[in-house]
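Notes for the one structure printed next.
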Number of protein chains: 2
Amino acid sequence: MSTDQKTSYLDVKNVIRRRIHDTVWEPGSLMPGEVELSQEFGCARATVNRALRELAQDGMIERKRKAGTRIKSAPTRHAKFVIPRIREEIERMGFDYRYALIERKEKTIPDWLCARIGGKAGEDVLHLRCMHYAGSRAFQYEDRWINLVSAPKARAQTFQDINPNEWLIREVPFSDGEVILSTVNADQIMSEMLNVSLGAALFTLERITWLKDMPMTFAKLYFHAGYQMTTRL
Amino acid sequence: MSTDQKTSYLDVKNVIRRRIHDTVWEPGSLMPGEVELSQEFGCARATVNRALRELAQDGMIERKRKAGTRIKSAPTRHAKFVIPRIREEIERMGFDYRYALIERKEKTIPDWLCARIGGKAGEDVLHLRCMHYAGSRAFQYEDRWINLVSAPKARAQTFQDINPNEWLIREVPFSDGEVILSTVNADQIMSEMLNVSLGAALFTLERITWLKDMPMTFAKLYFHAGYQMTTRL
DNA sequence: CAGTGGTCTAGACCACGTG
DNA sequence: ACGTGGTCTAGACCACTGT
């Protein structure tokens with residue numbers, strides 16, 4: 001009568017976590033290899049492997065072939081935030097989503113944008129300014145630039161009835177992106193658009209998207225006052 | 001002469017990703033089961049399993065036992081942000097990290113905090129206000145509350161020479177947490193502390209931490225003007 | 001070159017949740 | 001009840017990289 005349930009990768013994960021927390025293994029030091037651990041835990045190497053793989057993904061340890069696995073001295077904390085599609089975010093709150101194009105202009109790429117996203121000088125870009133509403137309330141002001149070289153189809157799109165994000169998702173694949181969260185004091189334009197007082201603290205999200213080194217689009221989103229992003233750890 | 005390298009879980013992942021993007025399988029609909037896919041790809045079920053598991057983790061699909069695997073209609077976009085330890089963040093920028101305690105006071109838990117973190121009325125808490133400097137420049141103002149019921153050891157700690165976060169990491173385990181990013185206009189105190197003009201837009205990070213339903217600590221961090229969080233997708 | 005993690009396999013049993 | 005995903009195993013080969 002042995003209560004020999006097989007040891008799960010979760011058990012392994014937890015034990016190791018505990019050991020790291022209790023400094024059984026010094027930060028920065030090497031921990032035993034997979035084979036050794038699998039013997040200790042009485043399970044297959046694959047089980048240990050999965051536990052360690054996930055711990056590495058969580059940023060608790062660092063693994064290198066031949067070098068072994070070491071405890072991260074500075075256990076990095078990650079938080080996963082949802083970057084919502086605006087329509088869904090608004091509808092999930094129970095409001096009607098409404099979109100309005102304010103301006104649409106083809107231009108030559110400005111220098112600052114060139115530097116910002118790594119484009120080539122002289123290329124054509126499409127500049128869009130739009131608003132997103134939740135019911136009758138202004139929700140987000142969007143300042144969007146689309147590279148017409150890498151996304152020429154945008155030329156034929158008026159963006160009167162579809163917002164840039166939804167169009168891009170449908171029409172343009174992308175490989176890589178960058179997101180920057182920051183804040184800004186509302187200037188004249190934003191205060192009018194978002195109906196907030198001049199200087200109000202606004203949450204902003206900048207997003208750059210590439211397709212294999214080709215810059216596709218740059219967007220700066222200004223949220224209504226009081227907007228916040230939430231996540232669980 | 002067959003170039004029969006074994007198909008990797010990465011291959012599977014990529015093909016599936018492609019199919020989802022190309023709407024080979026309708027959003028919201030069921031996709032084939034693991035067995036069927038493993039036959040199609042000519043690999044072991046474990047391989048398909050890993051591919052699907054990771055795709056689920058990336059938010060592209062949703063899996064349920066017995067129900068099968070379906071394509072997420074609203075492919076959620078996630079972004080993983082690093083929640084840095086302030087000392088490391090500052091030192092990584094090449095500055096000296098300096099910490100200063102401004103105020104330390106034991107109190108009865110205020111109502112708003114009670115509601116905020118789900119504590120019991122009447123419990124004792126420790127309220128700390130501190131500053132973090134990068135070299136000579138103010139970097140972050142911290143407003144911290146520690147539950148003295150769940151972390152009684154905090155009573156004996158002056159927090160003169162160690163910042164709350166580092167102490168908590170060392171002394172108190174935690175199971176669960178919540179992070180909220182938002183913005184605020186600098187009030188009198190913050191403008192003095194962070195040396196910014198009154199009303200400047202500040203980036204704030206609130207953090208609540210629990211240990212098995214026991215609220216441990218609540219912190220609101222106010223960053224210097226111009227602070228931003230960055231991540232790759 | 002040799003040791004460590006990375007991955008694949010084929011088969012097995014289990015747990016959950018739908019019908 | 002039973003089908004689907006979830007996990008474990010034992011063994012094998014590969015790929016990277018420190019020595």
Side-chain angles (χ1 to χ4, degrees), chain A residues 1-17 19-20 25-73 75-76, chain B residues 1-17 19-20 25-73 75-76:
Chain A
M1 290 293 84
S2 53
T3 44
D4 51 0
Q5 326 179 41
K6 287 176 186 167
T7 56
S8 153
Y9 78 99
L10 286 172
D11 302 332
V12 179
K13 216 175 149 182
N14 284 328
V15 173
I16 308 250
R17 242 204 294 260
R19 284 189 194 167
I20 290 176
W25 295 315
E26 288 298 320
S29 71
L30 236 52
M31 55 182 271
E34 295 190 352
V35 199
E36 192 174 333
L37 287 171
S38 66
Q39 287 162 351
E40 182 199 329
F41 288 107
C43 66
R45 184 166 80 96
T47 305
V48 172
N49 180 282
R50 176 157 181 198
L52 295 188
R53 197 198 317 143
E54 294 197 356
L55 283 171
Q57 206 186 284
D58 295 349
M60 312 244 343
I61 60 180
E62 201 162 26
R63 318 194 71 195
K64 267 195 204 133
R65 287 166 150 123
K66 165 70 182 175
T69 301
R70 37 183 82 249
I71 284 73
K72 267 216 179 173
S73 39
T76 332
Chain B
M1 286 299 85
S2 56
T3 42
D4 53 359
Q5 325 177 43
K6 289 177 183 165
T7 56
S8 154
Y9 77 100
L10 286 171
D11 302 332
V12 179
K13 212 174 152 182
N14 284 329
V15 173
I16 309 249
R17 242 204 294 259
R19 284 188 195 167
I20 291 177
W25 295 315
E26 289 298 320
S29 71
L30 236 51
M31 55 183 269
E34 295 190 351
V35 198
E36 192 173 332
L37 287 171
S38 67
Q39 285 162 354
E40 183 200 329
F41 288 106
C43 65
R45 184 168 78 96
T47 306
V48 172
N49 180 280
R50 176 157 181 199
L52 295 189
R53 197 198 316 145
E54 293 197 356
L55 282 171
Q57 204 184 284
D58 295 349
M60 312 244 342
I61 60 180
E62 201 162 27
R63 319 194 71 197
K64 269 198 202 131
R65 286 166 148 122
K66 164 71 181 173
T69 301
R70 40 182 79 249
I71 285 74
K72 267 216 179 174
S73 39
T76 331

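Below, each value reflects all heavy atoms present in this structure, side chains not excepted, and no hydrogens, waters or symmetry copies. Letters go in sequence order (proteins before strands), and every chain restarts at 1. Computed from a prediction, not measured in an experiment: that's the story for all the values here.
Atom CZ of Arg70(A) is separated from atom C1' of dT4(C) by 13 Å (rounded to the nearest Å). Distance Leu30(A) CG to dG3(C) P: 15 Å, rounded to the nearest Å. In this structure, the CD atom of Glu34(B) is 12 Å from the C1' atom of dG3(D), given to the nearest Å. If you measure from atom CG of Leu37(B) to atom C1' of dG3(D), you get 16 Å, rounded to the nearest angstrom.
DNA chain D lies under 4.0 Å from no heavy atom of any residue of residues 51-60 of chain A.
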Give the table of side-chain donor-acceptor pairs shorter than 3.5 Å for residues 55-68 of chain A, with sequence neighbours excluded, one pair per line with atom names and distance.
| residue | atom | partner | partner atom | Å |
| --- | --- | --- | --- | --- |
| Arg63(A) | NE | Thr69(A) | OG1 | 3.2 |
| Arg63(A) | NH1 | Glu34(A) | OE2 | 3.2 |
| Arg63(A) | NH2 | Glu34(A) | OE2 | 2.6 |

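Under the salt bridge (Lys or Arg N to Asp or Glu O under 4.0 Å) criterion, Arg53(B) pairs with no residue, sequence neighbours left out. The side chain to side chain contact (heavy atoms under 4.5 Å, CB included) check on Gln39(A) picks up Val35(A), with sequence neighbours excluded. Partners of Arg17(A) according to the salt bridge (Lys or Arg N to Asp or Glu O under 4.0 Å) rule, which considers only residues two or more places apart in sequence or in another chain, do not exist here.
With Leu37(A) as reference, Ile16(A) is the one residue of Thr47(A), Ile16(A), Val15(A) to meet the side chain to side chain contact (heavy atoms under 4.5 Å, CB included) rule.
Remark: Phe41(B) CZ to Thr7(B) OG1 distance equals 8.0 Å, nearest 0.5 Å.
For the pair Lys72(B) and Pro27(B), the tightest heavy-atom approach, listed with the atom from each and the gap, is O-CB, 4.3 Å. Nearest heavy atom pair, residue Ala51(A) against residue Tyr9(A), reads CB-O, 3.5 Å.
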Q) Which parts of nucleotides 8-17 of chain C does protein reach within less than 4.0 Å, heavy atoms only, written one letter per nucleotide 5' to 3' as B for base, S for sugar-phosphate only and - for none? A) SB--B--BBB

